[in-house]
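Have a look at the structure below before the remarks.
Given the structure is predicted, the values throughout are model-derived calculations rather than measurements. Computation of the quantities below employed the complete heavy-atom set of this structure, encompassing side-chain atoms and omitting hydrogens, waters and symmetry-equivalent molecules.
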Amino acid sequence: MNTKNDYGINSTREAIEARTRIFEQAMANADAAGVANCYTEDAEFMAPSQESVKGRNKIQTTLADYISQGFTKYKVISTSIYGSAGIVGVQTEYELSQQDGRNMDSGKSIQLWKQEDGVWKIFRDCFNSNLQMTE
């Protein structure tokens, strides 16, 4: 697939990268509602070692739990975008930690994005850590 020429991929990339900055800022502000607003109403959040969480409201509750544990520093390191009209796939590498840098995690994710009311939002989110699991 030629991602440079598909249906204005550059403008899509810019819109998704801008929403990603909003996501990062909402995490930094410990704003679970702001982070959840980056997801569609019918989104699915697929974190490791737990069942999928379906729907923006339930995702907000899950994100509030992460934030309550101090995980507010989130930064997307790299992004690849694939797709055509309607839904696009985004592949990222990320770092996540508490604000003071404790409990650092790094990993990768695949997200599907679609437009809701003219705004690109996360429709599906699946990620996993690069760190070894400990018992």
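A distance of 9.5 Å separates CG in Asp65 from OG1 in Thr61, rounded to the nearest 0.5 Å. Taken to the nearest 0.5 Å, the OG1 atom of Thr20 stands 15.0 Å off from the OH atom of Tyr94. Note that CD of Glu17 and OG1 of Thr12 are 11.0 Å apart. Values are rounded to the nearest 0.5 Å. In this structure, Leu63 CG and Lys58 NZ are separated by 14.5 Å, a value rounded to the nearest 0.5 Å. For the atom pair Thr72 OG1 and Gln98 CD, the distance stands at 8.0 Å (nearest 0.5 Å). With values rounded to the nearest 0.5 angstrom, Cys126 atom SG is found 10.5 Å from Lys108 atom NZ.
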Open item on the list: Checking Glu95 against Ser106 for the side-chain hydrogen bond (donor to acceptor under 3.5 Å, both in side chains) test, could you report, in this order, the C-alpha distance in whole Å, the side-chain angles of both residues, the deciding distance, and whether it holds?
Closed with: CA-CA 4 Å; Glu95 291 180 350; Ser106 64; over 6 Å; no

Task: Test log, rule salt bridge (Lys or Arg N to Asp or Glu O under 4.0 Å), inputs Lys73 and Asp105 - done: CA-CA 10 Å; Lys73 187 176 180 186; Asp105 181 25; over 6 Å; no

TODO: Could you walk me through whether Val35 and Tyr74 pass side chain to side chain contact (heavy atoms under 4.5 Å, CB included), step by step?
DONE: CA-CA 11 Å; Val35 177; Tyr74 179 80; over 6 Å; no

Task: salt bridge (Lys or Arg N to Asp or Glu O under 4.0 Å) between Arg56 and Glu116, intermediate numbers included - done: CA-CA 13 Å; Arg56 184 186 294 150; Glu116 183 177 80; 2.6 Å; yes

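For Glu24 (side chain) and Val76 (main-chain N/O), a donor-acceptor pair under 3.5 Å exists by modelled atom type. Although no hydrogens or angles enter the test, the distance criterion places no donor-acceptor pair under 3.5 Å between the side chain of Asn29 and the main chain of Asp31. Under the 3.5 Å distance criterion, the side-chain polar atoms of Ser129 are matched with a main-chain donor or acceptor of Leu131.
Residues Ile122 and Leu112 fail the side-chain proximity criterion, which asks for heavy atoms closer than 4.5 Å. The side-chain heavy atoms of Lys121 and Tyr39, taken from C-beta on, include no pair separated by under 4.5 Å. For the pair Met46/Arg124, a side-chain contact is recorded, criterion being any heavy-atom separation below 4.5 Å from C-beta on. Inter-residue side-chain proximity for Asn37 and Arg19 is flagged as met; some heavy-atom pair is nearer than 4.5 Å. In this structure, the side chains of Asp125 and Trp113 stay at 4.5 Å or more apart for every pair of heavy atoms. Between Ile110 and Val90 the shortest side-chain heavy-atom distance does not fall below 4.5 Å. A 4.5 Å side-chain heavy-atom check between Ile22 and Cys38 finds at least one atom pair inside the cut-off.
Pairing each heavy atom of Pro48 with each of Asn128, the nearest pair is CG-CA, 4.3 Å. For Gly34 against Ala26, the heavy-atom pair with the smallest separation is C-CB, 3.7 Å. Taking both residues in full, the closest heavy atoms of Ile59 and Ala43 are given as CD1-CB, 3.7 Å, listed atom of the first, atom of the second, then distance. When all heavy atoms of Phe71 and Met27 are compared, the pair lying nearest together is O-CE, 3.1 Å.
Within a 6.0 Å sphere centred on CG of Asp100, other residues, nucleotides and ligands contribute more than 12 heavy atoms.
Ion pairing of Lys114 with Asp42 is present here, as a side-chain N (NZ or NE/NH1/NH2) and a carboxylate O approach within less than 4.0 Å.
Between Phe45 and Tyr66, the ring-plane angle classifies as perpendicular under the 30° and 60° cut-offs.
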